[in-house]
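In what follows, a structure is listed as structure tokens, so that the remarks can point back to it.
Scope of the values below: all heavy atoms of this structure, side chains included, with no hydrogens, waters or symmetry mates. Residue numbers begin at 1 in each chain, while the letters A, B, ... track the order of the sequences.
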There are 2 protein chains.
Amino acid sequence: MTVQGLFATEASNLGKSARTRARLMDAAVQLFARDGFEATSVNEIARQAGVVNGTFYVHFRDRDEIAAAVALAIGQNVVRQLDEAMVGIEDAVERSSLATRRFIDLAASQPDWGAALVRAVLTFRDLRDSMIAYLRADLQRGVDQGLFTVAIDDLLIDTFASMTLGALAGRLRGDFGPEAGARVSELQLRMLGVPADRAREVCGRDVPALTLELAPLPKGLAKAG
Amino acid sequence: MTVQGLFATEASNLGKSARTRARLMDAAVQLFARDGFEATSVNEIARQAGVVNGTFYVHFRDRDEIAAAVALAIGQNVVRQLDEAMVGIEDAVERSSLATRRFIDLAASQPDWGAALVRAVLTFRDLRDSMIAYLRADLQRGVDQGLFTVAIDDLLIDTFASMTLGALAGRLRGDFGPEAGARVSELQLRMLGVPADRAREVCGRDVPALTLELAPLPKGLAKAG
DNA sequence: CCCAAATTTGGGATATCTGTCAATTGTGCC
DNA sequence: GGCACAATTGACAGATATCCCAAATTTGGG
């Protein structure tokens, strides 16, 4: 596996069309992350992917379509991995802390994906809404368990998400180090009404970091180009 | 005063060059707010300002220069008005609540300016840093007064700012109503360690709203076109 | 009121972008 | 190995962008 992106790696054992599509998506991720959606042209995506302009239009109708495809894929993969990593954890305080910390570490493990995700969440309402829905259950659980003493509504959830995204953005800018996830998670717990010493204790524990990978490949293949 | 923007209003009694420049800046604010910096062309700014393309380049070297000018002016004006509205308030809890609530209400009172401000803070590091510096003093004051029980560092301040900006963005999207400022301020105070009942009490009080206006004009002029 | 200086205009040279299509090349199935 | 079909190429038309500049217009001090 060379420096190719995650999509291309995943598609490396598929047909040519899928591989080209994956390279276009990897190129789009990089450029979206660096320049934003609006500033990225179809031409540039094609050039970065090493194909000619016309090829792009075989795979995507226009820039919006590839943007949606990329945003959806990133969002789904991050949520899926987070979900898998949290099965069996019942305590809402633990879940909240794990979700925030792993989300940040996961997205920061692939800066291009992380930056594209931040931009996508700010740009695409659908993506934001779907990721926010994921949060609601955990926060409500904390209220049901009597651990959070705050009303769970859209504003609370949105604010919680803003804190997480802000810390992720700071990490991607290089302003914060790996401790950012634990720190912001502690602040979130305090906000929710968890006693300060419990918040500190939970966030002081190490969590094993995840690294971003796509849905696992079929069997024992996954050879490199 | 017609529907002209704030810059043009301010410049209405100045020379022609200043007025044209102001109209370009108003146009840029509107377009940046609607489409973002990257997606806005110089052509479009000039058209929206009612001048011909070439005129733009008399006043600004390129799009980045007008973006910086607009971001700086918006930031300075918002900070100046906030500052003026808080003289004489000593209690850090009150100051924190007032700052958040007035910031949000102020920026929401002129949605174009608000949206441009949100985008600018996310785009221009200088602007973010200067607005964040403004926060630090108030948060540190709260620690000194024994009211906040959290360490004041870059991450805390950045997180506090993310919460405020997130709530502002939600208001501009129409997701939240005028109560958003008070709600998020209460969450911030809880995060900082203010007891929940005191946070609720402070944020339950009404604050007189400010409306955005630029530095006052010289004397009794300010005629409308 | 007049004129020099300041300002704006309109259009042009050049570059890039989008989206399409006929022609070419490559793939994989039989 | 060869063939039918899928995928890619490269070029192009039309739109729009940037940046520049000589000519025309407007401004404001004398």
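Per the geometry, NE2 belonging to His59(B) stands 17 Å off P belonging to dT18(D), to the nearest Å. Between the CZ atom of Arg61(A) and the P atom of dT20(C) there is a distance of 10 Å, given to the nearest Å. The CD-P distance, from Glu38(B) to dA17(D), rounds to 15 Å in whole Å. If you measure from atom CD1 of Ile45(B) to atom P of dT16(D), you get 17 Å, rounded to the nearest angstrom. For Phe60(A) and dA7(D), the CZ to P distance is 13 Å, given to the nearest whole Å. Rounded to an integer number of Å, the gap from Glu65(B) CD to dC19(D) P is 11 Å. In this structure, Ile66(A) places its CD1 atom 15 Å from C1' of dG19(C), rounding to the nearest Å. Nucleotide dC17(C) holds its C1' atom 12 Å from the CZ atom of Phe56(A), rounded to whole Å.
A side-chain N or O of Thr100(B) and one of Gln188(B) form a donor-acceptor pair less than 3.5 Å apart.
Asp35(A) meets the side-chain contact (heavy atoms from CB on, under 4.5 Å) test with Leu31(A), Ala39(A), Thr40(A), Glu44(A); sequence neighbours excluded.
Taking for each of Arg47(A) and Thr55(A) the nucleotide of DNA chain C with the nearest heavy atom, the 5'-most of the two is the partner of Arg47(A). Nucleotides of DNA chain C nearest to Glu44(A) and Gly54(A) differ in position, and the one nearer the 5' end is that of Glu44(A).
Within the 4.5 Å cutoff, the side chain of Leu135(B) has no heavy atoms near those of the Thr164(B) side chain.
Checking dT8(C), dT9(D), dA7(D) against every side-chain atom of Ser17(A), the shortest atom distance belongs to dA7(D). When distances are taken from the side chain of Ser41(B) to each of dA17(D), dT9(C), dT18(C), the shortest belongs to dA17(D). Relative to the side chain of Asp62(A), the nucleotides dG19(C), dG10(C), dC19(D) differ in distance, and dG19(C) lies closest.
Here the CE atom belonging to Met191(A) is positioned 10.5 Å from the OG1 atom belonging to Thr159(B), to the nearest 0.5 angstrom. Summarising the geometry, atom CZ belonging to Arg173(A) is positioned 10.0 Å from atom CG belonging to Leu168(A); distances are rounded to the nearest 0.5 Å.
The main-chain N or O of Ala8(B) is found under 3.5 Å from a side-chain atom of Asp26(B) such that the two form a donor-acceptor pair.
At the phosphate of dC19(D), OP1 or OP2 sits under 4.0 Å from a side-chain N or O atom of Tyr57(B). Contact annotation: Asn43(A) side-chain N/O to dT16(C) OP1/OP2 distance is not under 4.0 Å.
For Asn53(B) and dC19(D), a side-chain-to-base donor-acceptor distance below 3.5 Å is present, hydrogens and geometry of angles not being considered.
Between Ser96(B) and Leu192(B), the shortest heavy-atom contact is OG-CD1, 4.4 Å.
Within the 4.0 angstrom heavy-atom criterion, only backbone atoms of the sugar-phosphate kind lie near Val42(A); the bases stay farther away.
In DNA chain C, runs of at least 3 consecutive Watson-Crick or G-U pairs, each pair with both distances below 3.5 Å, span C:1-30 with D:1-30.
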